[in-house]
Amino acid sequence: MINDKKVLYSGMQATGNLTLGNYLGALKNWLTLNEEYECFFGVMDLHSITVRQDPAEFRKRARNLLALYIAAGLDPVKNCIYYQSHVSAHAELGWILDCFTYMGELNRMTQFKDKSAKHSDNINAGLYTYPVLMAADILLYQADYVPVGKDQQQHLEITRDIAQRFNAIYGDVFTIPEGYYGKKGAKVMSLQDPSKKMSKSDENVNGSIYLMDDVDTVVRKCKRAVTDSDSEVRYSEDKPGVSNLLEIYTACSGKSIEEAEKEFDGKGYGEFKLAVAEAVNSVLEPMHKEFDRIIKDKEYLDGIIKENDDKARYFANKTLRKVRKKVGFTDIPR
Ligand code: TRP
């Protein structure tokens with residue numbers, strides 16, 4: 001508990017460009033969580049280097065991601081928005097927890113298996129211990145809740161296992177986190193292959209709408225989105241392309257599926273796709289304006305970063321001190 005509120009922790013990696021799927025599925029739902037929870041949202045840049053990064057590009061991406069969090073509406077005063085790499089306690093606790101994690105457990109992680117298949121030229125130890133660092137992220141802040149998608153559920157499970165194991169040896173050190181399954185975000189699929197999730201790592205750039213895409217690009221991608229051979233705008237399992245566009249349209253416009261189906265009754269896909277693009281742009285345009293303002297204002301952004309780094313460090317170090325003591329490290333004379 002912090003300030004009588006339960007703690008919620010999440011973050012995104014500073015790799016790739018955020019997509020509309022990241023926004024509608026996750027980020028958008030984060031915006032109001034601070035009303036009920038003490039929220040921490042990290043830019044998970046330590047995790048990013050499990051895959052080789054170009055330094056200049058990486059630095060820019062990480063800064064853009066933080067600015068985009070704010071531009072999307074995350075209040076940097078009410079939420080702690082910070083860089084994981086600025087709080088060294090993450091790496092320290094990560095190491096300690098490595099020593100409480102079994103290789104057998106890590107061998108079972110499906111994401112590790114997938115990623116090592118994809119990056120077979122660089123299967124580094126960081127990729128392997130990635131879930132342990134993630135456990136450290138969560139446990140450092142004594143998080144009660146972690147909003148995670150399906151792909152991260154296994155990592156949350158191992159976090160709970162590690163925490164329970166540690167607690168069983170040393171007493172009540174860590175809060176055991178639970179998944180947060182509050183308001184469900186929209187599930188946005190690839191525009192080119194609606195059986196796949198829209199992803200920032202998709203090689204087909206036409207499959208994803210990136211949050212930084214300009215108006216014309218959004219229109220072009222929506223126009224090219226796969227549909228089907230009839231012309232009915234209807235939400236149905238056997239119409240995955242159209243259903244996905246409806247999901248996007250309703251999430252961006254605030255209308256219900258029924259309202260949308262009625263609106264496009266008797267109209268063709270062409271008209272529908274343009275309306276989808278317009279709805280998406282009505283969400284993205286104000287975000288771009290905010291982003292431009294924030295990213296140009298170095299003093300403002302640096303101020304926000306400094307304050308939030310300090311706040312994150314304060315809570316993280318509190319837990320780390322406790323862990324150091326429990327494990328039996330000698331005191332650091334001050
Ligand atoms: N692994 C997460 C992802 O790729 C990012 C992440 C790192 C994270 N540490 C976290 C998410 C802690 C939630 C909590 O999506």
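From a predicted model like this one, the values you see are computed outputs, not experimental measurements.
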### Task
Determine yes or no for a side-chain-to-main-chain donor-acceptor pair under 3.5 angstrom, with Asp213 supplying the side chain and Ile209 the backbone.
no
### Query
Within the distance-only criterion (no hydrogens, no angle test), does the side chain of Thr19 pair as donor or acceptor with the backbone N or O of Gly21 below 3.5 angstrom?
yes
### Message
Could you check whether Glu36 pairs with Lys5 (Lys NZ or Arg NE/NH1/NH2 to Asp/Glu carboxylate O, under 4.0 Å)?
### Response
no
### Message
Nearest 0.5 Å, please: how far is CG in Leu66 from CD1 in Ile294?
### Response
9.0 Å
### Query
Any chance CG of Leu301 has more than 12 other-residue heavy atoms, nucleotides or ligands included, within less than 6.0 Å?
yes
### Task
Please examine the side chains of Val146 and Tyr180, heavy atoms only from C-beta on, and report whether any two atoms are closer than 4.5 Å.
no
### Task
Decide if the gap between the ring center of Phe41 and the ring center of Tyr82 is smaller than 6.0 angstrom.
no
### Query
Going by distance alone, is a donor N or O of one side chain under 3.5 Å from an acceptor N or O of the other, for Asn107 and Tyr128?
yes
#### Entry: Neighbour count >12 (heavy atoms, 6.0 Å) for atom CZ, Arg52
no
### Message
For Lys262, is there an ion pair with Asp265 - N to carboxylate O distance below 4.0 angstrom?
### Response
no
Would you tabulate the side-chain donor-acceptor contacts of residues 112-123 under 3.5 Å, counting partners in other chains and residues two or more places apart, or write 'none'?
unit_1: Ser116; atom_1: OG; unit_2: Phe112; atom_2: O; d: 2.5
unit_1: Ser116; atom_1: OG; unit_2: Lys113; atom_2: O; d: 3.4
unit_1: Asn122; atom_1: OD1; unit_2: Asn124; atom_2: ND2; d: 3.2

### Task
Find the distance between NZ (Lys273) and SG (Cys222) and round it off to the nearest 0.5 Å.
9.0 Å
### Query
Is a salt bridge present between Glu290 and Arg293, judged by a nitrogen-to-oxygen distance below 4.0 Å?
yes
### Task
Rounded to the nearest 0.5 Å, what's the gap from CG on Leu191 to NZ on Lys196? Could you check?
11.5 Å
### Message
Distance alone, cut at 3.5 Å: any donor-acceptor contact between the side chains of Thr217 and Asp214?
### Response
yes
### Task
Give a yes or no answer on whether the side chain of Lys28 reaches the backbone of Ala251 with a donor-acceptor pair at less than 3.5 Å.
yes
### Message
Given 3.5 Å as the limit, does a donor-acceptor pair link the side chain of Asp144 with the main chain of Val7, or not?
### Response
yes
### Query
Does a donor on one side chain and an acceptor on the other come within less than 3.5 Å for Gln152 and His155?
yes
#### Entry: N/O donor-acceptor pair under 3.5 Å between Ser231 side chain and Gly268 backbone
no
### Message
Using side-chain hydrogen bond (donor to acceptor under 3.5 Å, both in side chains), reason through Asp151 and Gln111 one step at a time and then give a plain yes or no.
### Response
CA-CA 8 Å; Asp151 59 327; Gln111 193 173 73; 4.5 Å; no
### Query
Taking atom CD of Gln154 as the centre, does the number of heavy atoms from other residues, nucleotides or ligands within less than 6.0 Å exceed 12?
yes
### Query
So does Lys239 pair up with Asp230, basic N to acidic O under 4.0 Å?
yes
### Query
Would you say Lys197 has more than 12 foreign heavy atoms packed within less than 6.0 Å of its NZ?
no
### Message
Please check if the number of heavy atoms outside Met1 that lie under 6.0 Å from its CE is greater than 12.
### Response
yes
### Task
Walk me through it: do Asn17 and Lys200 pass the test side chain to side chain contact (heavy atoms under 4.5 Å, CB included)?
CA-CA 6 Å; Asn17 292 316; Lys200 51 185 175 172; 5.6 Å; no
### Query
According to the interplanar angle, ranging from 0 to 90°, do the rings of Tyr249 and Phe272 count as parallel (below 30°), tilted (30 to 60°) or perpendicular (above 60°)?
perpendicular
#### Entry: Flag, side chain of Asp331 to backbone of Pro333, donor-acceptor distance under 3.5 Å
no
#### Entry: Neighbour count above 12 (heavy atom, 6.0 Å) for Tyr300 OH
yes
### Task
For the residue pair Tyr9 and Phe40, categorise the inter-ring angle as parallel (less than 30°), tilted (30 to 60°) or perpendicular (more than 60°).
parallel
### Message
Would you call the rings of Tyr141 and His90 parallel, tilted or perpendicular, taking 30° and 60° as the class edges?
### Response
tilted
### Query
Hey, is NZ on Lys187 packed in by over 12 heavy atoms from elsewhere, all under 6.0 Å?
no
#### Entry: Ser48 side chain vs Met44 backbone, donor-acceptor pair below 3.5 Å
yes
### Task
Give a yes or no on whether the backbone of Thr175 and the side-chain of Gln142 come within a donor-acceptor separation of less than 3.5 Å.
yes
### Task
Could you grab the distance from atom CG of Leu46 to atom OH of Tyr83, nearest 0.5 Å is fine?
13.0 Å
### Message
So, taking the atom named NZ in Lys221 and the one named CG in Asp216, what distance separates them when rounded to the nearest 0.5 Å?
### Response
12.0 Å
### Task
Find out if a path of hydrophobic residues (ILVMFWY) with successive side-chain heavy-atom gaps under 4.5 Å connects Leu245 to Leu274.
no
### Query
Quick one: do Lys255 and Glu261 make a salt bridge, cutoff under 4.0 Å?
no
### Phe100 backbone acceptor or donor facing Arg165 side chain under 3.5 Å
yes
### Summary
Note: Met109 and Pro131 closest approach over all heavy atoms is CG-CG, 3.9 Å
### Query
With distance as the sole test, does Asn244 use its side chain to make a donor-acceptor pair with the main-chain N or O of Pro240 at under 3.5 Å?
no
### Task
For Lys322 and Val173, work out which heavy atoms get closest and say how close.
NZ-O, 4.0 Å
### Glu57 bridged to Arg61 by N-O distance under 4.0 Å
yes
### Query
Under 3.5 Å, is there a donor-acceptor pair between the Glu258 and Tyr235 side chains?
no
### Task
Look at atom CD of Glu307 and say whether more than 12 heavy atoms of other residues, nucleotides or ligands are closer to it than 6.0 Å.
no
### Summary
To the nearest 0.5 Å, atom NE2 of His47 lies from atom CG of Leu127 at 10.0 Å
### Query
Under 4.0 Å between a Lys/Arg side-chain N and an Asp/Glu carboxylate O for Asp302 and Arg63?
yes
